[in-house]
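Contents: one structure, followed by commentary.
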Amino acid sequence: MESWLWCRFAGILCGNSDRKKKQATETLFRMGVARGTITTLKNGEVLLFCITAAMYMFFFRCKDGLKGFTFSALRFIVGKEEIPTHSYSPEIAYAKVEQKTEEQEEKARGRNIIALVRKLMDSICKHGPRHRCCKHYEDNCISYCIKGFIRMFSVGYLIQCCLRIPSAFRHLFTQPSRLLSLFYNKENFQLGAFLGSFVSIYKGTSCFLRWVRNLDDELHAIIAGFLAGVSMMFYKSTTISMYLASKLVETLYFKGIEAGKVPYFPHADTVIYSISTAICFQAAVMEVQNLRPSYWKFLLRLTKGRFAVMNRKVLDVFGTGASKHFQDFIPRLDPRYTTVTPELPIKFS
């Protein structure tokens, strides 16, 4: 459920075509693993995510590298400070910080310990080390990374809590103790740790490279993005990795079209959708075991169970194990139209 949500979040403007392509890609991968043509790697989804994150962050840092929803999503996750075209100047930024501090002191004067804590946090954020190339003018490099972790950890934690609300309230009266799992669930902290560590590692690496090289370079995003991809160890998901990898290939293709390096094929999205549908349906008939269970259930709902009443035993001669999950199914056939006497012939009244 959570993986599906994040893939939907990542491709919400792309329609059914992207979901079908993702499903077809995953089906081909499963078929390759089952036949031994593809060798799986330990933590392969993490490595794939590291490579994908490195390229995405590079495009994010480049001028006109990403547009639309993808750019907005990365800007929300990473922050506008990592965009080289950030228009703030140090003088304007410091003026705003000083103005904000004065306003807070006016309101907080004569108040309790909350004002002292806020003042302490402000002093920590403003008086730490910050490289001249860093755009986070209101924070030093250390507090910049810590704040990024806390912010995205909270977002991930709240997302997982919201996903569990329907099931928790379903058992509100029968099992009230399950409400505690809404807040103290392992997966809540895993998603939070994934998002929080991704942002903090990326920001920390970017700041470190600015200090080492004494400049702000788009190439830093490749190193920082790759290292930040290791954060998927907290929340491993093959679905997310493969989806983002397929979107990366699509992005590279459109970049090639803009540069005039690759040709443009009209109605290519329709052709790809048709091929993806053919792959998924072929697997649904010939090798259901390599199809994602959620997609198989979707096909059963869509066809009112008719996909499960095929005579797959006659397809076993092709060596795909078509009847592997249907050993107990024996079709009722009309003996007038079969070359072999059926096991359960149709009885006519």
Side-chain angles (χ1 to χ4, degrees), residues 2-3 5-7 9-10 45-62 65-66 69-86 88 93 121 124-125 128-131 133-163 187-212 216-237 240-241 243-245 247-248:
E2 290 81 3
S3 299
L5 176 71
W6 275 101
C7 285
F9 175 74
E45 68 275 14
V46 178
L47 177 61
L48 180 62
F49 183 74
C50 288
I51 298 172
T52 306
M55 296 304 299
Y56 263 117
M57 300 316 300
F58 173 71
F59 287 132
F60 176 70
R61 288 293 310 273
C62 292
L66 289 176
F69 176 78
T70 306
F71 177 83
S72 300
L74 287 177
R75 182 177 178 178
F76 171 77
I77 294 173
V78 178
K80 61 183 179 181
E81 296 85 0
E82 294 300 328
I83 305 175
T85 55
H86 192 51
Y88 273 8
M121 290 297 297
I124 293 175
C125 292
R130 184 186 66 83
H131 193 267
C133 295
C134 292
K135 304 293 194 302
H136 46 89
Y137 301 112
E138 298 184 10
D139 301 302
N140 60 61
C141 294
I142 297 175
S143 63
Y144 178 58
C145 300
I146 295 175
K147 282 185 175 181
F149 176 84
I150 295 174
R151 174 174 168 268
M152 290 312 300
F153 180 89
S154 303
V155 171
Y157 179 84
L158 290 175
I159 287 175
Q160 284 285 48
C161 287
C162 292
L163 289 173
E187 292 184 358
N188 295 10
F189 297 97
Q190 286 177 335
L191 182 58
F194 165 51
L195 293 178
S197 59
F198 179 88
V199 172
S200 60
I201 293 173
Y202 178 81
K203 291 183 175 181
T205 305
S206 298
C207 289
F208 175 77
L209 291 174
R210 294 185 193 109
W211 281 95
V212 172
D216 189 18
D217 193 352
E218 288 84 358
L219 295 177
H220 293 173
I222 297 179
I223 301 174
F226 185 87
L227 294 178
V230 180
S231 61
M232 183 166 267
M233 293 294 293
F234 293 108
Y235 191 81
K236 296 180 181 179
S237 174
I240 296 176
S241 299
Y243 179 83
L244 293 178
K247 293 298 294 180
L248 177 62

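Values below: all heavy atoms of this structure, side chains included; hydrogens, waters and symmetry mates excluded.
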What closest approach, in Å, do His136 and Cys207 show between heavy atoms, and which atom pair accounts for it?
NE2-SG, 3.4 Å

Could you pull out the closest heavy-atom pair between Tyr56 and Leu66, with the gap in Å?
O-CD1, 3.8 Å

CG on Asp216 to SG on Cys134, rounded to 0.5 Å:
7.5 Å

Mutual orientation of the aromatic rings belonging to His131 and Trp211 [parallel < 30°, tilted 30-60°, perpendicular > 60°]:
perpendicular

Taking atom CE of Met233 and atom CD of Glu45, what is their separation to the nearest 0.5 Å?
8.5 Å

Rounding to 0.5 Å, atoms CD1 (Ile51) and CG (Leu244) come to a distance of 13.0 Å

Before giving the answer on salt bridge (Lys or Arg N to Asp or Glu O under 4.0 Å), spell out for Arg210 and Asp217 the whole-Å C-alpha distance, their side-chain angles and the decisive distance to 0.1 Å.
CA-CA 8 Å; Arg210 294 185 193 109; Asp217 193 352; over 6 Å; no

To the nearest 0.5 angstrom, please state how far the CZ atom of Phe58 sits from the NE2 atom of His220.
12.0 Å

In the structure I gave you, are the side-chain heavy atoms of Asn188 and Cys161 within less than 4.5 Å of one another anywhere?
yes

pair Tyr144-Arg130: side-chain heavy atoms closer than 4.5 Å
no

Check the pair Phe60 / Thr70 against side chain to side chain contact (heavy atoms under 4.5 Å, CB included), numbers first and verdict last.
CA-CA 9 Å; Phe60 176 70; Thr70 306; over 6 Å; no

Can you label the angle between the Tyr235 ring and the Phe194 ring as parallel, tilted or perpendicular, going by 30° and 60°?
parallel

Is any side-chain heavy atom of Lys236 closer than 4.5 Å to a side-chain heavy atom of Ser241?
no

For Ile142, is the CD1 atom crowded, meaning more than 12 foreign heavy atoms sit under 6.0 Å from it?
no

Nearest heavy-atom contact between Ala193 and Phe153 is N-CD1, 3.5 Å

Is it true that atom CZ of Phe189 has more than 12 heavy atoms of other residues, nucleotides or ligands lying nearer than 6.0 Å?
yes

Are any of the side-chain heavy atoms of Arg61 and Ile222 separated by less than 4.5 Å?
no

Locate the shortest heavy-atom distance separating Tyr202 from Gly225; write the atom from each residue and the value.
CD1-N, 3.7 Å

Could you tell me which non-hydrogen atom of Ala228 sits nearest to which non-hydrogen atom of Ser231, and how far apart they are?
O-OG, 2.6 Å

Do the numbers put Arg151 on top of the ring of Phe198, so that NZ or CZ is under 6.0 Å from the six-membered ring centre and no more than 45° off the axis?
no

Less than 4.5 Å apart, any side-chain heavy atom of Phe226 and any of Thr205?
no

Is the closest side-chain heavy-atom distance between Tyr137 and Glu81 below 4.5 Å?
no

In the structure I gave you, are the side-chain heavy atoms of Val230 and Cys50 within less than 4.5 Å of one another anywhere?
yes

For residues Ser206 and Glu82, determine if any side-chain heavy atom of one lies less than 4.5 Å from a side-chain heavy atom of the other.
yes

Output, in order, the C-alpha distance, side-chain angles, deciding distance and verdict of salt bridge (Lys or Arg N to Asp or Glu O under 4.0 Å) for Asp139 and Lys203.
CA-CA 12 Å; Asp139 301 302; Lys203 291 183 175 181; over 6 Å; no

When rounded to the nearest 0.5 angstrom, what distance separates CG in Leu195 from CE in Met232?
9.5 Å

To the closest 0.5 Å, what do you measure between OG1 (Thr52) and CD1 (Ile240)?
11.5 Å

